[in-house]
Number of protein chains: 6
Amino acid sequence: MRGKDVFIVQPTGNPTNENLMQLLIFIETVRRDSAGRITAVVPYYGYGRTDKKDQPRVPITARLVADLIHTAGADRFLTIDLHAGQIQGFFTIPTDELTARHLMVEYFQEKNLQDAVVVAPDIGAVRRSRNFAQDLRLPLAFIEKRRSLQEGSILDMSNLIGDVDGKDAILVDDEIDTGGTIVRAAQLLRKCGARHIYAAVTHAVFSDPAPERLRNSEFTEVVVTDTLFLPPEKRCDKITILSVASLLGEVIWRIHKGISVGDLFNE
Amino acid sequence: MRGKDVFIVQPTGNPTNENLMQLLIFIETVRRDSAGRITAVVPYYGYGRTDKKDQPRVPITARLVADLIHTAGADRFLTIDLHAGQIQGFFTIPTDELTARHLMVEYFQEKNLQDAVVVAPDIGAVRRSRNFAQDLRLPLAFIEKRRSLQEGSILDMSNLIGDVDGKDAILVDDEIDTGGTIVRAAQLLRKCGARHIYAAVTHAVFSDPAPERLRNSEFTEVVVTDTLFLPPEKRCDKITILSVASLLGEVIWRIHKGISVGDLFNE
Amino acid sequence: MRGKDVFIVQPTGNPTNENLMQLLIFIETVRRDSAGRITAVVPYYGYGRTDKKDQPRVPITARLVADLIHTAGADRFLTIDLHAGQIQGFFTIPTDELTARHLMVEYFQEKNLQDAVVVAPDIGAVRRSRNFAQDLRLPLAFIEKRRSLQEGSILDMSNLIGDVDGKDAILVDDEIDTGGTIVRAAQLLRKCGARHIYAAVTHAVFSDPAPERLRNSEFTEVVVTDTLFLPPEKRCDKITILSVASLLGEVIWRIHKGISVGDLFNE
Amino acid sequence: MRGKDVFIVQPTGNPTNENLMQLLIFIETVRRDSAGRITAVVPYYGYGRTDKKDQPRVPITARLVADLIHTAGADRFLTIDLHAGQIQGFFTIPTDELTARHLMVEYFQEKNLQDAVVVAPDIGAVRRSRNFAQDLRLPLAFIEKRRSLQEGSILDMSNLIGDVDGKDAILVDDEIDTGGTIVRAAQLLRKCGARHIYAAVTHAVFSDPAPERLRNSEFTEVVVTDTLFLPPEKRCDKITILSVASLLGEVIWRIHKGISVGDLFNE
Amino acid sequence: MRGKDVFIVQPTGNPTNENLMQLLIFIETVRRDSAGRITAVVPYYGYGRTDKKDQPRVPITARLVADLIHTAGADRFLTIDLHAGQIQGFFTIPTDELTARHLMVEYFQEKNLQDAVVVAPDIGAVRRSRNFAQDLRLPLAFIEKRRSLQEGSILDMSNLIGDVDGKDAILVDDEIDTGGTIVRAAQLLRKCGARHIYAAVTHAVFSDPAPERLRNSEFTEVVVTDTLFLPPEKRCDKITILSVASLLGEVIWRIHKGISVGDLFNE
Amino acid sequence: MRGKDVFIVQPTGNPTNENLMQLLIFIETVRRDSAGRITAVVPYYGYGRTDKKDQPRVPITARLVADLIHTAGADRFLTIDLHAGQIQGFFTIPTDELTARHLMVEYFQEKNLQDAVVVAPDIGAVRRSRNFAQDLRLPLAFIEKRRSLQEGSILDMSNLIGDVDGKDAILVDDEIDTGGTIVRAAQLLRKCGARHIYAAVTHAVFSDPAPERLRNSEFTEVVVTDTLFLPPEKRCDKITILSVASLLGEVIWRIHKGISVGDLFNE
């Protein structure tokens, strides 16, 4: 290892804590073995959703994990599609955040959908969906979920804002965990008159009961990437997996050689 | 100062760099003078909008400033309505983020508007607007701005998603800087048939030409707070200023006494 | 939590990584919630055996974990019977290491064994066993394991150094993980003529197949503590569990009150 | 920027806080863009005069700023003529301090002044003036300012210590800010019989009313450098500007190439 | 120690390295023993003269030592008469620098010297001497030493600037190490016609051959303090020792009680 | 120095504090002079025996010193035969620990001793002795020292565990300081019937009265290395010095070139 430019690739999907500790131990081992530079390559950043303190007594684990990776001794961080762009700011070490959006957009362009609309399944996905819609030159809609206290019990109500009637709809998000949000979103779109319903989601976390839910869902197709390994038993006909391998490979090579990564996306 | 519990109140509005450096120098002075604990009270956090690296070669100044405040020697940070909740995670020291939303909501509840809608003037304001709408039990709409390349030139196009026709509209955002976004949003709402148009915005940064723009705008009323001092010449009939003074005072007192701040908002 | 003196009790037994990450997240949550002082109480320190770099390309995880606990924001660390005393030096924050030895010694004194000997099951346990023997005024022996290359294959050979023939023997160690070492040690002692064979071990990690191995072992009695919860299905007749609860409780109270902890053991 | 050896040149003259924050933001941007090494080149170090705590409740801003530059992410620091040599010790990162003295000395040697004396305008300038006098082989004098309480009011009295009668005098200092000290020094020298009066000062801060004061002063010539840009309207016939550009260029080149900087001054 | 407010008093005179390491080890011991707050009380700061990098390849040991004291775990630093005020800025932890000047001034006031002058024995002592002269309302002179290359060899030449003829002279400095500078200064003053010659110096380092040199010197009296213990064999008739004990005691008490230290000197 | 790969060789034997501070000052000097990488080469690590807190109110100086070396600015640490392997974990910077065991083993192999045994002189030396015995394929014994309270006074009693009767014995340890332990161990071995008695010890600290004690001891030969310079007057006929120079030279060269150090020992 002595003096080498080391890249440690470790997605932090389930079991997240196990994978994360392994990453930290790898980094520390390599550092004590005098590696020249250590880049933590974490295609899926597991605690990204815990990124703010929107109520008392909750952690900001996405920041904690950034600090742990720094403490273990990583010099750089490379990831794909963080839950929020601000998470880059949680890192003290230089980071590169790649996006699988271009891959996804290209895939949908080839479908040549007529009269389609991009839909954000919740508020956290609006920015991501807008960028997606802009690239595909499609209109945007979004689903707003709110809690209301009615007759003594808390109700979660979802409203579609925008128009999907008679159109194909593409739901865009960063990850599918248990699948609850996105599957309910598809149901709402169906009720609102959507024709074919697609999902374009980078990270296939697929905790139980996501595989079951997706199998029985309104989706025509759910497009994900291989930032996380999806075991065969969690797949079904509706799932399409795009590979980020060559993107990641190219970027690792550029980082190693000291070539601009930004240019890759501007060409 | 020796051993005292010191609160340094310094909003970081225009001129931001000047105000920020003053804050840092104050903190360092008080620290070297052996203050017991130093809380930086920054009602308006000036670099909040530079919170992510959405293109190469841009800084994450909101993180840098958090580090500078830490380096200068602050032990705690207290602020109001950050541009994004994640900014709390930029701080290593414990932070309290207050919100002026309750003040605003109460003010609008008293207006007793019939058939109103809350509108997010852009994507960054959607979450804030949703919370506002939820508190007022009003529907939500939002304005999506996107760039498109048409006939060789870049066009910024805005679409309203949702419905405002014949309704009163309340545009919700965290700050008005030059006023361009929110004033154009009001024009779009007018075009889409909105009746009275209001703004509910925490921070009145009001850089030129905001005062002029607001004076000539479609707004019936622009409700802001005094997290920043608004000099008389920047005010006009349309501007209503709500005071955060007693909120801030109460919270400073609670921090000093070690009483829960979270409880203040749950009561 | 604000301003409170918080003690977070979390042993880091199986699953170690899971428990450890939970501890780190708890600490960070409490710190961001403005706790006054945070003491991580880790009765069993899970990575204690990875405490030195005795060959290339191995980590010193015991140091890494100390750094992680510090990074998460703990102010103090409290533990029981570390694998090596030097691990205290891995911590930057003040630590208190308690020992269950006094409990164990008292328990064996009451047995009033005639003609007994304390035996270290391997080299890492020699110091601990000597202290135990000294307290009980018993002679000491130890088992030396070495690797030798014989006829092309590696052999692990164990020798007893010292005398156990016709005596009761007490094997002393810090933890039983899979039980391999200590069960083989008991077999060797049996072969060397030991009468009753006991074990006095602080941490009952009991990974598989430890429960099975112990059930079928030469041991008359295996005395452990409750630094780790031992589920009923892992227990058997041979297992005696001494409780460290009142020791730990007393020390937490002393730390909270700022009373000497050292005096507790000198009285 | 990736992997490049970046030099950021930013003097921190008026407006100091603005210029300083810009420097910090530049450094952070370049660091997050993965620059290989970042050298902050600050020809004029703006807060150099606030370098000690000679009374309670004052900051040591020169140290704070050194810490801020470090926090922002600079790897090295390069400057010219600090107010006190100790300020180098405020930096944790390696620093190079250049001096414009050789330039100045050469310029005055060519004047071939007969019967001249170097004068320190106040106590802080004595060491600098001595070095200057030594290089030019001229005698040294200095002006001592002290506060005395007389008849109930505080008087600032200046005494010349040493002899200037009938001689040309060169006042040496590191910076001219508002010009008060040095212009009063020139008046005192005139009163004490000095012939031609010169100033040799590195940094032309020239805050108001320095330009006016210098124009109307007793000086024959005020020699400064271009570590700060001096706008035409602040210049006058008496001002001579020597350029540090080639010195700075040479040193940047040497740092980039890893060639000794010290040797440059010993040749 | 647990929770106590600990003050460790350790001057760092000869042997400086030994004394310094002892101080660091004491601090670390007390910190690991959970002291509440640790103040390093260093009446004489041994490496103060190595405070700037005035030539290549020299250390700034005064900064290094400040960092070591911080690393060992001190929370505060208390000292007397640093060689340069800027050294306070080398510390990251809050510091209090006391001065023995008031003691000294009082002592000389009682002598009621007629027609006296304060003299700085070299350039580094000018500021200190000016403050002394101002307090005693006496004029100031100083001795300038410079190196010149004459006929191939380096000559150190000293000039008196100012007037001492027929007057009593008080040489003021922060420390006497080997005594070379101040004894030569006294010889020069004698040559220039001074009557009685005194020294007022805080720290009596008195390395060999200082005791011998002082015994044979032109001094009428050498006034020092007991910031360093002066063994009887290093004393002689000419040496007067003033005690800083009650000053130090008072300040330690104020720090402990959280009472202003600055006020002590303003009364 | 600029940009160079600097190795600073400084054993920290007597006087330890003096040597250690010199090392720290060297490191800081070289760092401020912009060295490219600094490796502290400390063949003998002086505070290694203070590596754990086995009673209240003792320091862990071995950790403190590791932190001081880091603070001074070293990038790497290289040493030989630490007192305990865990000390590597005290360092934050990458370390290489070499061993003189191979040298020693080779030397004893050439002696071709018949019927020999390796003996650990106390508990701290058991692991080291076991490795030595394993390499030489010899049996192991050890001496256990314990304190017992008998008739009101504390007695230190030593027991040999294992068999040395009629055999040659090799006592193995990391250092000889005052020589008390190892000389008493030799006496005990003589009493137990050992034939020739050897010592194999890496670091010849040899504080008084070690030279005298060894001269008069039961040892046939005491084999040490030159990690510390042994002045001629401390040597005697019984002392054999093996040189680590070529080992150290080879490793420094490998570190400089970025070649694996671990491979050196596996060949």
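By convention in this document, chain letters (A, B, ...) are assigned in the order of the sequence lines, proteins followed by strands, and residues within each chain are numbered from 1.
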Got a list of the donor-acceptor pairs under 3.5 angstrom between chain E and chain C?
from  : atom 1 : to    : atom 2 : distance (Å)
E:R2  : NH1    : C:D96 : OD2    : 3.3
E:R2  : NH2    : C:D96 : OD1    : 2.8
E:R31 : NH1    : C:T92 : O      : 2.7
E:R32 : NH1    : C:Q88 : O      : 3.4
E:R32 : NH1    : C:F91 : O      : 3.0
E:R32 : NH2    : C:F91 : O      : 3.1
E:S34 : OG     : C:R76 : NH1    : 2.9
E:S34 : OG     : C:R76 : NH2    : 3.1

Problem set entry | Sub-4.5 Å side-chain heavy-atom contact between E:L78 and E:V42 | no
Exercise. Tell me, do C:L248 and C:P43 make a side-chain contact under 4.5 Å, heavy atoms counted?
Worked result: yes
For this session: State, yes or no, whether a side-chain contact exists between E:V201 and E:V172 at a heavy-atom distance under 4.5 Å.
Result: no
Problem set entry | All side-chain contact (heavy atoms from CB on, under 4.5 Å) counterparts of E:P231, not counting sequence neighbours | E:F229, E:E233, E:K234
Seminar exercise, completed: CG of E:L247 to CG of E:L242, rounded to nearest 0.5 Å, is 11.5 Å
Exercise. What pairs with E:A74 under side-chain contact (heavy atoms from CB on, under 4.5 Å), at least two apart in sequence or on another chain?
Worked result: E:I27, E:A40, E:I69, E:I93
